[in-house]
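Remember, it's a predicted structure, so these values are computed and weren't measured experimentally. Chain naming here is simple, since letters A, B, ... match the order of the sequence lines and numbering starts at 1 in each.
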Amino acid sequence: MSEDRTYRASELEKKWQARWAEERTNSLDEETLLEADKPFHNLMMFPYPSAEGLHVGNIYAFTGADVYGRYMRLRGHTVFEPIGFDAFGIHSENFALKIGTHPMELIPRNIENFTRQLKRTGAMYDWDHTVDTTHPSYYKWTQWLFLQLYKAGLAEKKEAPVNWCPGCQTVLANEQVVAGECERCGTPVEQRFLSQWFFRITDYARRLLENLSWIDWSDTTRKAQENWIGRSEGALIRFPLREPEAASYAEGAGPAQDVGTQQSDVAGDQPTSARATRNGDANHIEVFTTRPDTLFGATFMVLAPEHPLVGRLTSDEQRQAVEVYRRRAAAMDLVARKKTDKEKTGVFTGGHCINPGTGKEIPVWIADYVLMEYGTGAIMAVPGHDDRDFEFATKFALPIVRVVAGVDEDGLTPLEQAYLGDGELLNSDQFNGMHWQEAKKAITRWLTDRNLGEEQVNYRLHDWCISRQRYWGPPIPIIYCAGCGAVPVPEDDLPVVLPHVDDYRPDASGVSPLARVEEWYRVDCPACSGPARRETDVSDTFLDSSWYFLRYPSASLDDQAFEEQRTQRWLPVHMYIGGEEHSVLHLLYARFITMALRDLGLISFEEPFQRFRKHGLIIKEGAKMSKSRGNVVVPDDYIEDWGADTFRTYLMFLGPYQEGGDFRDQGLTGPHGFLSRLWDTVVRSPMGDEPVSGTLEQKLHATIKKVTEDIDGLSYNTAIAAMMEYLNAVREGGRQTNRSEVETLIILVSPFAPHLAEELWQRLGHEQPLFTRQTAAGNPVHWPEYDPDRATADTVEFVVQVNGKLRARMAMPRGTSEDQAREAALADENVRRQLDGKQIQKVIFVPDRLLNLVVA
RNA sequence: GCGAAAGUGGCGGAAUUGGUAGACGCGCGAGACUUAGGAUCUCGUGGGCUCGCCCGUGGGGGUUCGAGUCCCCCCUUUCGCACCA
């Protein structure tokens with residue numbers, strides 16, 4: 001039976017996978033979902049099922065998560081490890097268009113292929129509780145979620161300048177615009193003004209930021225969110241208006257109407273941010289500044305070209321120039337608009353306002369370097385102390401005044417560039433001599449007393465635009481009626497099923513493909529039964545993924561999105577592992593949705609992920625993997641050749657999991673040799689039944705300790721190295737091995753190589769597998785304990801230094817005293833030669849480590 | 001420009017309350033064995049030489065008995081953010 005004794009990974013893995021499927025080893029039954037005593041929700045970011053199949057990067061991510069889940073399971077937890085498919089969205093749709101297959105055919109095919117691949121990796125997914133975001137049974141609840149936010153006033157429709165991708169022909173979220181280009185296709189993004197649905201995530205900016213201080217997440221991810229939310233402290237300051245002499249506004253005339261007509265032909269007059277509604281009242285322009293201390297240095301004001309007060313401030317002489325400039329700015333795509341290296345442009349409006357500090361009149365300009373989307377869309381320009389304002393003032397010969405002086409500087413020290421350093425105020429009346437930090441508070445207080453300003457905190461975060469003028473997404477469940485306005489689809493009528501449309505191509509009109517399907521969008525108004533029309537936009541795919549983790553435990557229920565008891569049992573997610581590329585997109589939205597649901601009383605926690613850890617990225621032979629380079633690792637081939645166990649173990653070994661590493665074909669032989677040797681030890685060579693030998697016992701305990709601690713900290717590479725080291729010691733010199741010496745190792749290796757471990761476990765005569773069907777009571781505890789006393793060696797290698805240089809190593813019993821160590825050191829020939837009869841001036845003794853003799 | 005992380009043998013990477021630099025693996029060299037297996041086993045493998053030392057963790061300073069680890073300056077790389085007032 002020699003065949004029986006050869007390590008045939010592929011056959012053996014298929015055997016165990018079949019058994020897991022048959023015995024539902026990894027599926028939780030309803031009772032377990034409801035009652036689990038020690039629940040552990042082990043979540044990984046669900047994949048987008050591309051046509052290319054599972055990428056090695058996916059497997060890397062998933063394996064790291066699966067190792068952790070298996071480890072927790074061996075410690076007795078009931079581990080819920082779900083997987084699903086994030087299959088809506090522009091990416092799928094674009095690909096479907098490209099190959100000419102309808103997404104409703106393409107996506108199920110991709111999902112099937114992904115499922116096959118995922119099963120082959122040996123991860124312990126619960127295939128009875130998966131989600132597919134494109135299935136009506138899932139997006140019914142995505143639509144339901146929208147309705148809950150709508151009812152709570154957190155969803156609103158507003159006309160707004162949005163990022164428009166001419167390539168994908170759709171609106172993009174700010175997060176999907178990378179350096180002014182479409183994240184997906186790289187086309188420069190343009191500005192358009194469309195009526196869109198927004199979620200008021202900015203209402204949660206403060207909480208989203210503050211909770212970052214206590215959630216247990218990878219530091220870099222928290223930092224990325226912190227930057228994205230972008231809190232800045234400063235002041236809101238009101239500058240009284242001085243209207244242009246020649247302006248055609250008669251006293252008492254309603255300027256607002258005029259503003260409206262001025263705006264409409266140029267650009268929308270709505271602010272993007274829900275909170276930026278304060279551009280000033282009839283008599284003031286408001287600005288936000290982080291440097292209220294430089295108020296007296298504000299020598300002019302700059303408004304965004306889209307600012308609603310521009311029309312009113314513009315004088316007749318300047319009107320034409322202003323209009324031309326505004327038109328140009330509106331037409332400009334956002335790449336060009338936001339390029340920082342281009343020369344500043346701008347136009348004087350002819351209008352003025354009063355600097356409330358100096359009481360002097362200052363001119364009001366418009367320029368595209370001021371963005372309507374941030375703050376109030378207007379700035380007080382302080383050219384003396386701001387680089388951008390300095391550049392602008394220099395170009396247009398506007399006055400530059402110094403109001404902060406550093407050491408050895410005074411009011412006469414010329415400014416060759418904006419001064420941003422530390423210093424004291426000058427040219428600022430009663431605030432002269434004050435340190436600028438102090439002046440910030442003092443001037444803000446002074447303004448507050450006069451009702452000309454107040455302290456203000458501003459966030460960079462924008463509201464979340466969820467409308468997409470595309471086909472492949474869940475229709476937004478709103479109906480428009482001439483009489484009733486926007487009416488939510490009654491919950492009983494959900495889902496609003498996405499119809500099968502043959503021509504789902506987007507077009508440049510900015511109107512969704514669904515708007516061409518009259519029989520679909522024509523409906524009766526749910527309120528008045530009159531003729532009405534459905535919303536024809538679909539929602540952003542980030543909405544699908546913002547709540548999927550809530551769905552998993554309740555995935556088998558069709559009467560509610562997430563059932564209370566299950567939710568309480570399994571959420572918040574205990575461990576979430578995923579890529580850093582989702583630091584500010586998915587992870588922020590998921591947090592927002594969770595907070596909103598909690599405020600609505602639908603769940604009882606406000607942070608969705610107790611622990612989040614990012615995984616690193618895999619490169620191939622030192623280079624980024626890409627199709628164009630032709631160096632993409634196709635996992636199927638490797639798994640077929642080497643087995644899933646070797647592939648998994650190698651992926652976890654090639655570098656620190658949280659940092660990624662370099663995939664090298666030759667590298668696979670290392671872990672493969674290790675697993676083969678383990679196999680040989682158990683199966684091919686006779687094992688004795690002696691207890692663990694003395695030195696090995698210490699090594700075994702040290703290994704258990706190391707592997708346990710390393711898996712806890714996701715340091716998989718060093719955990720594997722420790723196991724290799726141990727196995728090498730067990731087999732050293734071809735010695736007779738004992739069953740007692742390898743049995744524990746099989747358990748330690750099982751999170752990485754579960755198939756092999758089960759097979760060896762069985763061959764050692766165990767009737768029950770390591771991973772048994774999970775129950776509410778938990779799992780059998782297999783993970784070994786270690787004895788801390790036995791995990792340390794009795795003998796240490798002790799080092800003797802002379803003047804900090806290594807001169808001798810000697811084996812010493814643990815706990816050797818300084819005197820004994822010194823005696824031994826002085827007996828060493830080499831040490832004696834180094835000392836050369838010199839006077840020992842100082843002795844440093846580190847117990848069980850070293851002795852350092854310092855001589856003159 | 002701002003922020004974050006990182007620079008260690010031929011290669012992937014170990015080691016930081018400051019205490020033996022290079023664990024483990026790949027590759028390479030020498031040998032053994034053969035049930036020919038992506039074998040296995042043994043020994044070696046940072047550089048240099050006068051064989052006892054010297055040099056060595058991107059570069060340069062510093063603190064210390066002792067620095068890959070701490071401090072200062074600089075260089076390089078990667079990843080975020082980027083006219084955010």
**Short side-chain N/O contact from Lys805(A) to OP1 or OP2 of C55(B), under 4.0 Å** = yes

Using Watson-Crick geometry (N1-N3 plus N6-O4 or O6-N4) or G-U wobble (N1-O2, O6-N3), each under 3.5 Å, G7(B) is paired with C75(B)

Q: Give Arg809(A) one of three labels, base, sugar-phosphate or nothing, depending on what nucleic acid heavy atoms sit under 4.0 Å from its own.
A: base

By the 4.0 Å heavy-atom rule, please label Arg735(A) as base, sugar-phosphate, or nothing.
nothing

Hey, is the side chain of Asn717(A) poking within less than 4.0 Å of OP1 or OP2 on G25(B), counting only N and O atoms?
no

Here the distance between atom P of C65(B) and atom CD1 of Ile840(A), to the nearest Å, is 17 Å

When rounded to whole Å, the CG to P distance for the pair Asn852(A) and A67(B) reads 10 Å

**Message:** Has Asp645(A) got a side-chain atom pairing as donor or acceptor with Leu756(A)'s backbone, closer than 3.5 angstrom?
**Reply:** yes

Would the number of heavy atoms belonging to other residues, nucleotides or ligands and lying under 6.0 Å from CZ of Arg849(A) be above 12? no

Reckon Gln801(A) touches a base, only the sugar-phosphate, or nothing at all at heavy-atom distances under 4.0 Å? base

Taking a pair to mean Watson-Crick or G-U wobble geometry with both distances below 3.5 Å, C28(B) pairs with G44(B)

Whole-Å distance, Glu580(A) CD to C79(B) P, equals 12 Å

Rounded to whole Å, NZ of Lys614(A) lies from C1' of A5(B) at a distance of 7 Å

Please classify the nucleic acid contact of Val799(A) as base, sugar-phosphate, or nothing, using heavy-atom distances under 4.0 Å. base

Item to check | Arg731(A) side chain near C41(B) phosphate (N/O to OP1/OP2, under 4.0 Å) | outcome: yes

Picking from C26(B), G25(B), G13(B), the nucleotide nearest the side-chain atoms of Pro671(A) would be G25(B)

Of the listed A85(B), G27(B), U20(B), the closest approach to the Leu806(A) side chain comes from U20(B)

**Message:** Mind checking if Glu797(A) touches a base, just sugar-phosphate, or nothing, with heavy atoms under 4.0 Å?
**Reply:** base

Problem set entry | Arg807(A) side chain near G66(B) phosphate (N/O to OP1/OP2, under 4.0 Å) | no

Thr289(A) has its side chain closest, among G27(B), A85(B), C54(B), to A85(B)

Requested in this report: For Phe653(A), report the nucleic acid contact type (base, sugar-phosphate, nothing); a contact means any heavy atom under 4.0 Å.
Outcome: base

Here the distance between atom P of A5(B) and atom CD of Gln658(A), to the nearest Å, is 14 Å

**Request:** Looking at every strand, decide which applies to Asp641(A) at a 4.0 Å heavy-atom threshold: base, sugar-phosphate, or nothing.
**Result:** base

_Below 30° counts as parallel, above 60° as perpendicular, anything between as tilted: where do the rings of Tyr657(A) and Tyr60(A) land?_
tilted

Residue pair Asp386(A)/Lys223(A) against RNA chain B: nearer the 5' end by closest nucleotide is Lys223(A)

Quick note, Glu732(A) side chain, CB onward, closest among U42(B), G13(B), G19(B) is U42(B)

The glycosidic conformation of G47(B), counting syn as within 90° of 0 and anti otherwise, is anti

Review point. When all nucleic acid strands are considered with a 4.0 Å heavy-atom cut-off, which category describes Val843(A): base, sugar-phosphate, or nothing?
Key: nothing

Check your understanding: Any donor-acceptor pair under 3.5 Å linking the side chain of His615(A) with the backbone of Gly579(A)?
Key -> yes

Using Watson-Crick geometry (N1-N3 plus N6-O4 or O6-N4) or G-U wobble (N1-O2, O6-N3), each under 3.5 Å, A15(B) is paired with none

note: Lys624(A), atom NZ; U77(B), atom C1'; distance rounded to Å ~ 12 Å

Comparing nearest nucleotides in RNA chain B, the 5'-proximal residue of the pair Asn227(A), Tyr369(A) is Asn227(A)

### Task
Would you indicate, yes or no, if A85(B) has its OP1 or OP2 atom less than 4.0 angstrom from a side-chain nitrogen or oxygen of Arg291(A)?
no

Taking U40(B), C26(B), A14(B) as options, the one with an atom nearest any side-chain atom of Arg677(A) is U40(B)

Exercise. Give Ser583(A) one of three labels, base, sugar-phosphate or nothing, depending on what nucleic acid heavy atoms sit under 4.0 Å from its own.
Key: nothing

Measuring to OP1 and OP2 of C41(B), would you say a side-chain N or O of Asn728(A) lies under 4.0 angstrom away? no

Test item: Asn852(A) side-chain N/O and Gly804(A) main-chain N/O as donor-acceptor pair under 3.5 Å: yes

Is the Trp365(A) ring parallel, tilted or perpendicular to the Phe392(A) ring (thresholds 30°, 60°)?
perpendicular

Quiz item: Does Asp710(A) reach the main-chain N or O of Tyr716(A) with its side chain, forming a donor-acceptor pair under 3.5 Å?
Solution: no

- [ ] Using a heavy-atom cut-off of under 4.0 Å over every strand shown, decide if Leu654(A) touches base, sugar-phosphate, or nothing.
- [x] sugar-phosphate

Of the candidates C83(B), A4(B), C24(B), the side chain of Asp368(A) sits closest to C83(B)

Picking from A85(B), C53(B), G38(B), the nucleotide nearest the side-chain atoms of Arg833(A) would be C53(B)

Query raised in the report: Between Tyr638(A) and Phe663(A), does the ring centre distance come in under 6.0 Å?
Result: yes

(Q) Classify Gln834(A) by what it touches in the nucleic acid, base, sugar-phosphate, or nothing, heavy-atom distance under 4.0 Å. (A) sugar-phosphate

- request: Would you indicate, yes or no, if A23(B) has its OP1 or OP2 atom less than 4.0 angstrom from a side-chain nitrogen or oxygen of Thr718(A)?
  value: no

Ranking C24(B), A14(B), C83(B) by distance to the side chain of Pro656(A), first place goes to A14(B)

Under a 3.5 Å limit on both distances, the Watson-Crick or wobble mate of C2(B) is G80(B)

Side-chain N or O of Arg460(A) less than 4.0 angstrom from OP1 or OP2 on A82(B)?
-> yes

note: Asp828(A), atom CG; C53(B), atom P; distance rounded to Å ~ 10 Å

Here the distance between atom P of A85(B) and atom CG of Asp293(A), to the nearest Å, is 14 Å

**Asked** Is it true that the NZ or CZ of Arg460(A) lies under 6.0 Å from the centre of Trp228(A)'s six-membered ring and within 45 degrees of the ring axis?
**Response** yes

